[in-house]
Protein chains: 2
Amino acid sequence: MRSSIRRSMPLFPIGTVMKLTDLSARQIRYYEEHQLIHPQRTEGNRRLFSLNDIDRLFEVKDLLDEGINMAGIKKLLLEEGKTVVHSDLKDEEGKGKKDFTDEEVRKLLRKELINAGRFQRPDSSFGEKFRNFH
Amino acid sequence: MRSSIRRSMPLFPIGTVMKLTDLSARQIRYYEEHQLIHPQRTEGNRRLFSLNDIDRLFEVKDLLDEGINMAGIKKLLLEEGKTVVHSDLKDEEGKGKKDFTDEEVRKLLRKELINAGRFQRPDSSFGEKFRNFH
DNA sequence: AAACCTATGTTAGCTAACCTTACATAATAA
DNA sequence: TTATTATGTAAGGTTAGCTAACATAGGTTT
């Protein structure tokens, strides 16, 4: 579809993305280093992020806030393309098409449980984001 | 509606706007000089353009292509501006300010950008531009 | 024709905002 | 304890933005 073209259009410099996502440049570059996003570059080597990239950054942020580490996030997000693994790791038996071993799944779930409820994000509003935007 | 806020959010540096609109930096600044757009500035004085600004630039470009000069374009665009601008402000002061989660922000923003494609003319579509985009 | 606009190009000098690399560190895992 | 992870920060370099000024083709006006 056409929208997918637009969603992957490289549009935003890192400064804009920082403000939109409330992530530091360091964090954003770190997630790129771990292949979670693939922003384009200008001719002069500056990153340009697409809406898909921003989307992905929000996902990474949320998962980190939930206490999941990079290894887990990579597993989760880099699987998404193949399966519609949106919400559940649990009852997707039948087709064993996930690359997780049982052990990995258990490990992830345990960490999730251990860290559950550690953070309750202050749920910043769009208005606030906009106001801090300059 | 809230989309007006999103549409007036300062997001794009001039380089991105140049590619999207096929206008030179000189042209864009010149139209600003003539009050046809009002891009925000970063703390460091760099312009940041909103979707509204980009829409407006397309309008200016079209009118110029039709042979209308700046004086005429000002008359045309600064008349209809009354309504549009006011509805923008009205939205921003909306009192029932419900908080947006990050996910909502992301979805709204994405939708907004996808809708930006509605403004493509047959001769200069986003799709075509995207091919020339790097 | 000469003089004058108008919209845009171009150049120069300045600096914010980006870049990479490297080192530091608190928190967690082993 | 020691190692690893995710992030901060600082240094030093480059790009892409800024303003201001002058240049100019093509249209008007005188």
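On a predicted model such as this, the values are computed, not experimentally measured, just so you know.
Salt bridge status for A:R56 with A:E59: present, with a side-chain N to carboxylate O gap under 4.0 Å. A:R41 has a carboxylate O that lies under 4.0 Å from a charged side-chain N of A:E32, or vice versa, which qualifies the two as a salt bridge.
Comparing atom distances between the A:P13 side chain and each of C:dC18, C:dC19, C:dA7 picks out C:dC18 as nearest.
Residues B:Q27 and B:V60 fail the side-chain proximity criterion, which asks for heavy atoms closer than 4.5 Å. Put simply, the side chain of B:D53 does not reach to within 4.5 Å of the side chain of B:F12, judged on heavy atoms. Under the 4.5 Å side-chain criterion, counting only non-hydrogen atoms from C-beta, A:L20 is in contact with B:L11.
Between B:Y31 and the options B:L77, B:I73, B:L64, a side chain to side chain contact (heavy atoms under 4.5 Å, CB included) holds for only B:L64.
Under 4.0 angstrom from either OP1 or OP2 of D:dG17 there lies no side-chain N or O belonging to B:R47. For D:dA6, the OP1/OP2 oxygens have a side-chain nitrogen or oxygen of A:Y30 closer than 4.0 Å.
Taking atom OH of residue B:Y31 and atom P of nucleotide C:dG9, one finds them 8 Å apart after rounding to whole Å. Counting to the nearest Å, the P atom of C:dA29 and the CD1 atom of A:I68 are 13 Å from each other. Atom C1' of nucleotide D:dG17 and atom CD of B:E32 are separated by 13 Å, given to the nearest angstrom. Following rounding to the nearest Å, A:M18 (CE) and D:dT7 (P) show an atom-to-atom distance of 13 Å. Rounded to whole Å, the distance from CD on B:Q40 to P on D:dC18 is 14 Å. Atoms CG (A:N69) and P (D:dA6) sit 6 Å apart, rounded to a whole Å. Atom pair B:L48:CG and D:dG17:P shows a separation of 10 Å (rounding to whole Å applied). In this entry the distance linking CZ of A:R29 with P of C:dA22 reads 15 Å, nearest Å.
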Pick out the pairs of N or O atoms, protein on one side and nucleotides 8-15 of chain D on the other, that lie under 3.5 Å.
unit_1	atom_1	unit_2	atom_2	d
D:dG8	OP2	A:S24	OG	2.5
D:dG8	N7	A:R26	NE	3.1
D:dG8	O6	A:R26	NE	3.4
D:dG8	O6	A:R26	NH2	2.8
D:dT9	O4	A:R26	NE	3.3
D:dT15	O4'	A:R46	NH1	2.7
D:dT15	O2	A:R46	NH2	2.9

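Taken to the nearest 0.5 Å, the NZ atom of B:K74 stands 14.0 Å off from the CG atom of B:L63.
Side-chain N or O atoms of B:K61 include none that pairs as donor or acceptor with a backbone N or O of B:L23 at under 3.5 Å.
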Task: Worked verdict on B:D55 versus B:R7 for side-chain contact (heavy atoms from CB on, under 4.5 Å) - done: CA-CA 10 Å; B:D55 283 350; B:R7 295 190 67 80; 2.3 Å; yes
- [ ] At under 4.0 Å between heavy atoms, which parts of nucleotides 25-30 of chain D does protein reach? Answer with one letter per nucleotide, 5' to 3': B base, S sugar-phosphate only, - none.
- [x] ------
